[in-house]
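Let me begin by presenting the structure, written as structure tokens, before commenting on it.
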Amino acid sequence: MNFDIFADLRWRGLIHQSTDDAFLPGWLMSGRRTLYAGFDPTADSLHVGHLVAMMVLRRFQKAGHRPIALVGGATGMIGDPSGKSEERNLLSREALLANVQSMQGQMRRFLDFDSSENAAIMVNNFDWMENYSYLDFLRDVGKCFPINVMLAKDSVKNRLERDSGISYTEFSYMLLQAYDFVYLNEHFGCELQTGGSDQWGNITAGIDLARRLRGVQLYGMTNPLLTKSDGTKMGKTESGAVWLSRERTSPFKFYQYWINVEDADVGKCLRYFTELSRDQIEALDAAVKTDPAKRESQRRLAEELTRLVHGDDGLRRAQQATEVLFGREISGLSDAELGEIFSDVPSKDLPRSRLEAGIGIIDALVEAGLASSKGEARRTVEQGGAYLNNQRVAGIDAKLTPAELASETVLVLRSGRKKYALLRFQA
RNA sequence: GGGGGGUUUCCCGAGCGGUCAAAGGGGUCAGACUGUAAAUCUGAUGGCUAUGCCUUCGCAGGUUCGAAUCCUGCACCCCCCA
């Protein structure tokens, strides 16, 4: 417990606000503490936005503390108004249950639930809220919440200023989260709650409730929200969020996302998301300055994170796919290998007889969906933007025949820098 | 209620009887350069069975050998005066 976790987090830029900057460092070094962070099951997978909170829990565990990962089966039924501009749709019970389960599965990658010393704990607040009667809850918990205090919280205030307003349901959200903290304190001795900076209001609500209800002092700490140097949200691509589940975001895409992080953001990402030491990170920062083209930082970041989220195997495949995609000619591979590398890529099945008869490159591009008209396909080829198995197509008269197959049945077409499509020729 | 202006290809915006698939800019796409980056430069940007054909300039009619361009009606938008 002689590791100063608070100082480490501060150096990493992970502390946005805490209830007591002066007290917490010593408190954390003087004994094993139990802390928690909550995750609402709004989807069947965690995404990059959850990564900061997840890594914070992981760091605490590695520093010897005991983390509790709370999945909000109950709070997820209500909807957290924090940081949201509009009322959300309620999810069905079945959807929530499924989401809780798959999110819990992903958390096992970040936390150690089997350690003898300080095993992490997984809880679902549905378990203690399900049978808590409305009347009892209002009498026990509601009584401790002055409306004027609730109205002053940013999450509520922002919504009241909008036309859409806020429903009583979402307005009540903070009571549930506040009670979670009290419950975890009573049952697991949890004394610290962490979360994104938008959670501050909910965290302090829990601290207040604990004081009023039980006369105990709890603590809170928030992490900055993850933004890029241009002010936009990190973890978003044109096609949506970057997810941790391989079904939603393949290991290859996940790896690529980090490889493509801007120079201006990569240092922050290394601090937030990796467990590299301060020396290592500062050496990488220096490398970004002296030799940006090498992108050592991005490579290291992508490697560390892909390994953590998708394992050694996922990392290997992502790297292999990267090599193939950004390498030279694609040939002599098997259908299975290609299918794996190009798992995200759209494909189209065509009868093999057509290939045997020879398909014009123009038709092939249109069939594969890489061009919306023949005119566009022709233009692409004439400008040198069309590739067959990663080799530039020479002219619009090019014909595809079985000799061009990259594997048993597949041809790899590409338009421009990175738009790929597969054509499959089954018998 | 009266007067005036507008509606153009993804967007903005020129065109005001033939040489208009329609200037220019933006966006987008591709190429060069590069770090799978940014910036920059270059090219492309309605469709097709393609030295030609078809569809497109608010909608519907009309004049003309020929209309995005002229006329009539309709719809919508904007401005000014009441």
Side-chain angles (χ1 to χ4, degrees), chain A residues 48 227-239 242 249-270 283-306 310 314-330 338 341-346 354 357-399 412-421:
Chain A
V48 165
T227 52
K228 294 199 286 190
S229 54
D230 60 11
T232 59
K233 260 192 194 165
M234 185 119 210
K236 294 264 182 208
T237 65
E238 319 76 59
S239 48
V242 178
T249 300
S250 70
F252 168 70
K253 277 199 173 163
F254 185 82
Y255 180 84
Q256 283 289 318
Y257 179 78
W258 300 108
I259 282 283
N260 283 308
V261 167
E262 304 279 331
D263 293 355
D265 299 316
V266 73
K268 184 154 94 176
C269 289
L270 284 170
L284 285 168
D285 286 348
V288 169
K289 282 217 178 73
T290 57
D291 196 359
K294 267 186 140 174
R295 291 182 304 148
E296 273 185 64
S297 288
Q298 281 90 342
R299 277 176 219 287
R300 195 62 196 273
L301 174 67
E303 207 175 298
E304 294 287 326
L305 271 176
T306 309
H310 294 296
L315 172 63
R316 212 196 62 242
R317 288 180 199 183
Q319 286 177 326
Q320 190 185 324
T322 296
E323 240 168 74
V324 171
L325 248 65
F326 296 98
R328 283 144 303 280
E329 192 181 352
I330 301 171
L338 273 183
I341 292 168
F342 292 100
S343 57
D344 314 322
V345 163
R354 283 194 61 186
I359 303 179
I361 182 69
I362 303 297
D363 291 321
L365 286 169
V366 174
E367 290 276 16
L370 290 176
S372 55
S373 71
K374 293 193 180 181
E376 191 184 316
R378 190 170 295 113
R379 212 178 297 135
T380 303
V381 176
E382 281 168 351
Q383 293 183 142
Y387 297 80
L388 171 61
N389 302 328
N390 265 356
Q391 286 214 307
R392 183 173 285 175
V393 175
I396 57 170
D397 300 326
K399 282 255 187 292
V412 183
L413 284 173
R414 182 176 123 210
S415 154
R417 210 79 198 102
K418 42 186 100 173
K419 257 180 6 205
Y420 280 89

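So that the names make sense, note that chain A is the first sequence line, chain B the second, and so on, each numbered from 1.
- Residue Arg392(A) is classed as a sugar-phosphate contact, given heavy-atom separations below 4.0 Å to backbone atoms only.
- Each of Glu262(A) and Glu376(A) lies near RNA chain B, and the nucleotide nearest Glu262(A) is the one positioned closer to the 5' end.
- At a cut-off of 3.5 angstrom, the base of G43(B) holds at least one donor-acceptor pair with the side chain of Gln383(A).
- Nucleotides U42(B) and G26(B) are separated by 11 Å at their P atoms, to the nearest Å.
- No hydrogens or angles were tested; on distance alone, nothing pairs the side chain of Arg378(A) with the base of A44(B) as donor and acceptor under 3.5 Å.
- Although no hydrogens or angles enter the test, the distance criterion places a donor-acceptor pair under 3.5 Å between the side chain of Asn390(A) and the main chain of Val324(A).
- Glu382(A) comes within 4.0 angstrom of no nucleic acid atom, judged by non-hydrogen atoms across all strands.
- Distances shown here put every side-chain N or O of Lys374(A) at or beyond 4.0 Å from the OP1 or OP2 atom of A50(B).
- Distances shorter than 4.0 Å separate some side-chain N or O of Tyr387(A) from OP1 or OP2 on G31(B).
- Contacts between residues 360-372 of chain A and RNA chain B, defined by a heavy-atom separation below 4.0 Å, involve no residue at all.
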List the atom pairs, donor and acceptor, that lie under 3.5 Å between side-chain atoms in residues 260-267 of chain A and the rest of the protein, sequence neighbours left out.
from	atom 1	to	atom 2	distance (Å)
Asn260(A)	ND2	Gln256(A)	O	3.0
Asp263(A)	OD1	Gln298(A)	NE2	3.0
Asp265(A)	OD1	Ser229(A)	N	2.7
Asp265(A)	OD1	Ser229(A)	OG	3.3

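- In terms of phosphate contacts, Arg295(A) brings a side-chain nitrogen or oxygen within less than 4.0 Å of OP1 or OP2 of U36(B).
- Using a 4.0 Å heavy-atom cutoff across all strands shown, Tyr255(A) reaches no nucleic acid atom at all.
- The gap from the C1' atom of C10(B) to that of G46(B) amounts to 12 Å, rounded to the nearest Å.
- Taking atom CZ of Arg379(A) as the reference point, atom P of C29(B) lies 13 Å away to the nearest angstrom.
- Contacts of Ser373(A) with the nucleic acid, taken as non-hydrogen atoms under 4.0 Å apart, involve only primed sugar atoms and P, OP1 or OP2.
- Distance check on atom P: G35(B) versus G47(B) gives 35 Å, rounded to whole Å.
- The aromatic rings of Tyr420(A) and Phe342(A) are tilted relative to each other, their planes meeting at an angle between 30° and 60°.
- The distance between atom CD1 of Ile396(A) and atom P of A30(B), rounded to the nearest whole Å, is 19 Å.
- For RNA chain B, the residues of residues 286-294 of chain A within the heavy-atom distance limit of 4.0 Å (strictly under) are Pro292(A), Ala293(A), sorted by number.
- Summary of the strand contacts: Arg299(A) and Gly375(A) both lie near RNA chain B, and taking for each the nucleotide with the nearest heavy atom, the more 5' one is attributed to Arg299(A).
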